[in-house]
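Just below is one structure, and these are the notes that go with it.
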Amino acid sequence: MTQALWPTCGYTLLTHNEAGHLVVTDDFLRFLLERPELSPIATSCAAEVALHHSLVEQPRRDVRPQELAQLQDKDAADNYAVWLRFRQRITTLPTLEASYIALFKGEGVDVPPLLVQHITHILLRHVLGEAPTAMQARAAEMLMHTQKITVLEDGAVMAADDETVERHATQSGFGSIGELLKQGGIKLRSVDLDVLSEDNQEAYWPRSESFDWVVSLNRGQPALDALCEVMAKWVQHFLGVQVRIQTEREINDDHWVWHVGLDAQASGVLNDLYQGKEVDADRMERLLCLFKLEFVEPNDMLADVRGKPVYLAMAVDANQRLKLKPQNLLLNLPLAKRS
């Protein structure tokens with residue numbers, strides 16, 4: 001039922017090349033121009049309106065610095081400068097996939113996180129294909145949106161979209177929801193956020209863009225299995241190699257040779273453990289899950305680690321937020337060669 005999966009993200013405005021990778025179109029650039037940061041409002045000056053109109057007509061045309069200097073609203077001028085830099089990032093290389101990887105190389109990302117999130121959103125929609133399960137779609141949300149993690153009294157580890165939690169916490173009549181997910185300790189049935197399970201997955205599709213489903217991240221729960229599946233699809237699409245990913249209880253491996261943290265917190269913990277450093281109990285408790293990644297074809301790996309597993313981990317920060325970085329899977333695996 002993927003026709004209902006994230007229908008307004010702009011995915012249908014892109015085309016595919018022969019390899020099945022996404023190609024940015026003029027219509028997609030026009031779609032970005034309609035974002036609220038750029039779309040003219042009643043108080044926009046004539047120069048701003050003219051600039052927007054000309055870019056809608058010719059989304060790839062050069063814009064001189066003098067044109068931006070003519071805008072009366074300096075915030076608008078700054079927004080256009082950001083958009084132009086982002087346009088360059090996603091049109092210089094042949095595919096959106098190549099542009100996405102290039103964003104994270106060099107001296108650092110120079111476009112706003114919101115735009116990076118948008119591109120990640122579209123790429124995940126593409127990677128999921130035409131027949132994902134609702135649980136896979138919800139798991140994919142974890143790779144593009146920060147999650148608020150709550151551990152309940154019975155040990156259940158629950159993940160909810162952080163922006164959704166914050167929005168509900170500030171809206172009249174929903175304060176208890178945000179408070180619940182911030183503090184934990186109250187059963188989820190007492191709030192108005194639904195828990196996605198194997199029994200109610202069809203209800204996900206009409207609300208796929210609401211990002212208001214909670215999932216359990218306990219070992220053996222379908223959301224973690226779905227996350228493993230989505231990460232494997234992500235790696236195969238970008239890198240052209242097949243991998244198997246499964247959850248692990250611990251790293252009990254005398255020949256541990258490679259690991260990848262799926263977020264900044266987990267990277268730090270894994271690095272310290274690998275180097276034999278002491279990791280305090282607080283940091284260890286923040287680890288949500290360990291994974292083992294194995295290459296289906298060992299020859300796809302670097303020769304000196306061929307046949308060995310790659311350990312992955314994800315962890316929450318001090319505010320119980322999970323901020324996964326799917327680019328880590330693309331940049332840090334021990335590939336024998338990179339395209």
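Count residues from 1 along the sequence. Both backbone and side-chain heavy atoms feed into the values below; hydrogens, waters and symmetry mates do not. The model shown is predicted, which means the values in this text are computed figures rather than measured ones.
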Note to self: Students often mix this up, so state it plainly: with edges at 30° and 60°, are the rings of H121 and W6 parallel, tilted or perpendicular?
What the structure shows: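 If you compare the ring of H121 with that of W6, the planes turn out perpendicular.
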
Notebook entry, point to check: Which residue pairs satisfy the side-chain hydrogen bond (donor to acceptor under 3.5 Å, both in side chains) criterion with at least one member in residues 33-50, sequence neighbours excluded?
Noted result: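 Listed once each, the pairs are R35-E37, R35-H118, S44-E48.
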
Check: Got a sec, which pairs hit side-chain hydrogen bond (donor to acceptor under 3.5 Å, both in side chains) with one end in residues 69-88, sequence neighbours left out?
Finding: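 Passing the test, one end in residues 69-88: no pairs.
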
Notebook entry, point to check: In this structure, are over 12 heavy atoms from other groups packed under 6.0 Å from N252 atom CG?
Noted result: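 Count not over threshold, so no.
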
Check: More than 12 foreign heavy atoms under 6.0 Å from NE2 of H53: is that the case here?
Finding: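 Counting neighbours around NE2 of H53, 12 or fewer heavy atoms of other residues, nucleotides or ligands fall under 6.0 Å, so no.
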
Rounded distance [0.5 Å steps], [atom1] in [X] versus [atom2] in [Y]:
| X | Y | atom1 | atom2 | value |
| --- | --- | --- | --- | --- |
| L103 | K105 | CG | NZ | 11.0 Å |
| I90 | L22 | CD1 | CG | 11.0 Å |
| M144 | D161 | CE | CG | 8.5 Å |
| L262 | L322 | CG | CG | 8.5 Å |
| L71 | H52 | CG | NE2 | 12.0 Å |
| Q117 | I122 | CD | CD1 | 11.0 Å |

Identify the two heavy atoms, one from [X] and one from [Y], that lie closest to each other, and give their separation to 0.1 Å.
| X | Y | value |
| --- | --- | --- |
| L335 | V241 | CD2-CG2, 4.1 Å |
| L312 | M231 | CD1-CE, 4.5 Å |
| A313 | A266 | O-CB, 3.3 Å |
| Y100 | P326 | OH-CG, 3.6 Å |
| G10 | F28 | O-CD1, 3.7 Å |
| I245 | F291 | CG2-CB, 4.0 Å |

Mark yes or no for whether [X], through its side chain, and [Y], through its backbone, hold a donor-acceptor pair below 3.5 Å.
| X | Y | result |
| --- | --- | --- |
| E166 | E163 | no |
| S210 | D212 | no |
| K325 | L143 | no |
| T95 | H21 | no |
| R89 | L93 | no |

Next item on the list: Sort out for me which residue in V230, D225, L224, V215 forms a side-chain contact (heavy atoms from CB on, under 4.5 Å) with M135.
Entry: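 Among the candidates, only V215 passes.
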
Note to self: Checking side-chain contact (heavy atoms from CB on, under 4.5 Å) between Q327 and each of F104, W234, F238, which is the one that passes?
What the structure shows: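 Running side-chain contact (heavy atoms from CB on, under 4.5 Å) over F104, W234, F238 with Q327 returns exactly one hit, F104.
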
In this structure, would [X] and [Y] fall into the same cluster of hydrophobic residues linked by side-chain contacts under 4.5 Å?
| X | Y | value |
| --- | --- | --- |
| V49 | L38 | no |
| L14 | V23 | no |
| V260 | V296 | no |
| V56 | L51 | yes |

With [X] via salt bridge (charged side-chain N to carboxylate O under 4.0 Å, His left out) - residues at least two apart:
| X | answer |
| --- | --- |
| E248 | none |
| R244 | none |
| R30 | D27 |
| D282 | R286 |

Could you verify whether a donor N or O on one side chain and an acceptor N or O on the other, from [X] and [Y], lie under 3.5 Å apart?
| X | Y | result |
| --- | --- | --- |
| T146 | R321 | no |
| Q275 | K277 | yes |
| H259 | N332 | no |
| T8 | E209 | yes |

List the atom pairs, with distances to 0.1 Å, where a side-chain N or O of residues 59-68 and a protein N or O form a donor-acceptor pair under 3.5 Å, not counting sequence neighbours.
residue, atom, partner, partner atom, Å
R60, NE, D26, OD1, 2.5
R60, NH2, V24, O, 3.0
R60, NH2, D26, OD1, 3.4
R61, NE, S54, OG, 3.1
R61, NH1, E67, OE2, 3.3
R61, NH2, S54, OG, 2.9
R61, NH2, E67, OE1, 2.7
E67, OE2, R64, N, 3.1

Checklist line | Aromatic ring proximity, centroids under 6.0 angstrom, H237 and H126 | finding: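 H126 vs H237: aromatic centres under 6.0 Å.
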
Is any side-chain heavy atom of [X] less than 4.5 Å from a side-chain heavy atom of [Y]?
| X | Y | result |
| --- | --- | --- |
| N200 | L196 | yes |
| P309 | L293 | no |
| L302 | V305 | yes |
| L288 | V157 | yes |
| M314 | L227 | yes |
| S99 | T92 | no |
| K323 | Q147 | no |

Item checked: Cationic N near anionic O, under 4.0 Å, D253 to K308 ->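 Looking at D253 and K308, the cut-off is not met.
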
Item checked: side chain to side chain contact (heavy atoms under 4.5 Å, CB included) partners for P94, two or more places apart ->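 If we apply the side chain to side chain contact (heavy atoms under 4.5 Å, CB included) test to P94, skipping adjacent residues, there are no hits.
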
Next item on the list: Just jot down the side chain to side chain contact (heavy atoms under 4.5 Å, CB included) partners of S216, sequence neighbours excluded, or say none.
Entry: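 Side chain to side chain contact (heavy atoms under 4.5 Å, CB included) list for S216, sorted by chain: M158, N218, Q221.
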
Notebook entry, point to check: Please walk me through it: do D300 and R306 pass salt bridge (Lys or Arg N to Asp or Glu O under 4.0 Å)?
Noted result: CA-CA 8 Å; D300 289 329; R306 192 163 293 159; over 6 Å; no

Notebook entry, point to check: Which pairs pass salt bridge (Lys or Arg N to Asp or Glu O under 4.0 Å) with one or both residues in residues 259-272, sequence neighbours excluded?
Noted result: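 Every pair satisfying salt bridge (Lys or Arg N to Asp or Glu O under 4.0 Å) with a residue in residues 259-272: D272-R283.
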
Checklist line | Pairs meeting criterion ring-ring contact (aromatic ring centres under 6.0 Å, His included) with involvement of residues 130-159, two or more places apart | finding: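 Checked against ring-ring contact (aromatic ring centres under 6.0 Å, His included) - neighbours excluded - the pairs reaching residues 130-159 are H145-F211.
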
Next item on the list: Linking directly or through intermediates, with side-chain heavy atoms under 4.5 Å: list the remaining ILVMFWY members grouped with I251, chain and number order.
Entry: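 The other cluster members (ILVMFWY side chains, heavy atoms under 4.5 Å, direct or chained) are W256, V269, L270, L273, Y274, V279, M284, L287, L290, Y311.
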
